[in-house]
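Read the structure below first, then the notes.
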Protein chains: 2
Amino acid sequence: MKNNIKVERAIKGMTQEDLANKVSVSRQTINAMEASKYVPSTVLALKIARLFGKPVEEIFILEKTD
Amino acid sequence: MKNNIKVERAIKGMTQEDLANKVSVSRQTINAMEASKYVPSTVLALKIARLFGKPVEEIFILEKTD
DNA sequence: TACAAATGTAAAGTTTATTTTACATTATGA
DNA sequence: TCATAATGTAAAATAAACTTTACATTTGTA
C-alpha cells in the first residue's frame, strides 16, 4: 500500500508535527507512514482522510502485493 | 470506531469464512472485527471496502472517542 | 429431532504498529 | 553565515493486530 500523505500535507501547508498533533500520534509515526515503513490503523487513516477532506481511497492506495 | 461489516456481509450472502478467504485473513479476525474487538489495518479496511463496493467511510465509522 | 454449518470465544504465540528518546541531516529565513 | 525549524532515522519498549488451535453455542435444515 502506498499513500499520498506527504503531498496532501504540503497542500495544507502543515509540518509532520502539525499533522501528528491533529491526529494524535507521534511525529515519528507520521514520518514513518510517509516513508511507507508501516501500515497505519484504520482509525488513523480515517482521521487523516477527514483532515485532508478526501476519501480514504484517494490517500491510501492498495497495491498488487497487498 | 464502529463498522458495518456484518450487515454488508449479509447483503452479499457471505459467511465469515468466505469473507476471511477473500481478504486473506483468518475467520477469527473477521469475527473479532465484527465484534469491534480491534481496529483493522488500513490494508484490510481497503480490501473489505473494495469487496463490498463501498467507500471505506461507509463501512468504518469514526466515533467521538476515537 | 438430529446433523451440519455458522458463529462465538479464548488462550498462547508471532508480527507489526506506535511511542519515547535521542541525535543527525537538511532546509529556510534573518 | 547563523540560528532555528523541519525532517530523517534508529533503537528499545509497549500496545495492538493477527494467527493458530481448539472447543462451545447457535442456527438452519433434512
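Throughout, a chain's letter reflects where its sequence line sits, starting with A, and its residues are numbered from 1.
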[N] [atom2] sits how many Å from [X] [atom1], rounded?
X        : N      : atom1 : atom2 : result
Asn21(A) : dA6(D) : CG    : C1'   : 14 Å
Glu17(B) : dA5(C) : CD    : P     : 11 Å
Lys6(B)  : dA6(C) : NZ    : P     : 15 Å
Ile5(B)  : dT7(C) : CD1   : C1'   : 15 Å
Ile30(B) : dT7(C) : CD1   : P     : 11 Å

Distance check: side-chain N/O of Arg9(A) vs OP1/OP2 of dA6(D), anything under 4.0 Å?
no
Measuring to OP1 and OP2 of dT7(C), would you say a side-chain N or O of Asn31(B) lies under 4.0 angstrom away?
no
Between protein and nucleotides 11-30 of chain C, map the contacts as a letter string: B base, S sugar-phosphate only, - none, heavy atoms under 4.0 Å, written 5' to 3'.
------SBBBBB--------
With side chains defined as the heavy atoms from C-beta onward, is the minimum distance between Leu44(B) and Thr29(B) less than 4.5 Å?
yes
With heavy-atom distances below 4.5 Å as the criterion, would you say the side chains of Tyr38(A) and Met1(A) are in contact?
no
Hey, is the main chain of [Y] close enough, under 3.5 Å, to the side chain of [X] for a donor-acceptor pair?
X        : Y        : result
Arg27(B) : Ala20(B) : no
Asn21(B) : Glu17(B) : yes
Asn4(B)  : Glu58(B) : yes

Show me the side-chain donor-acceptor pairs of residues 45-56 of chain B shorter than 3.5 Å, one per line, residues at least two apart or across chains.
| from | atom 1 | to | atom 2 | distance (Å) |
| --- | --- | --- | --- | --- |
| Lys54(B) | NZ | Glu8(B) | OE1 | 3.4 |
| Lys54(B) | NZ | Glu8(B) | OE2 | 3.1 |

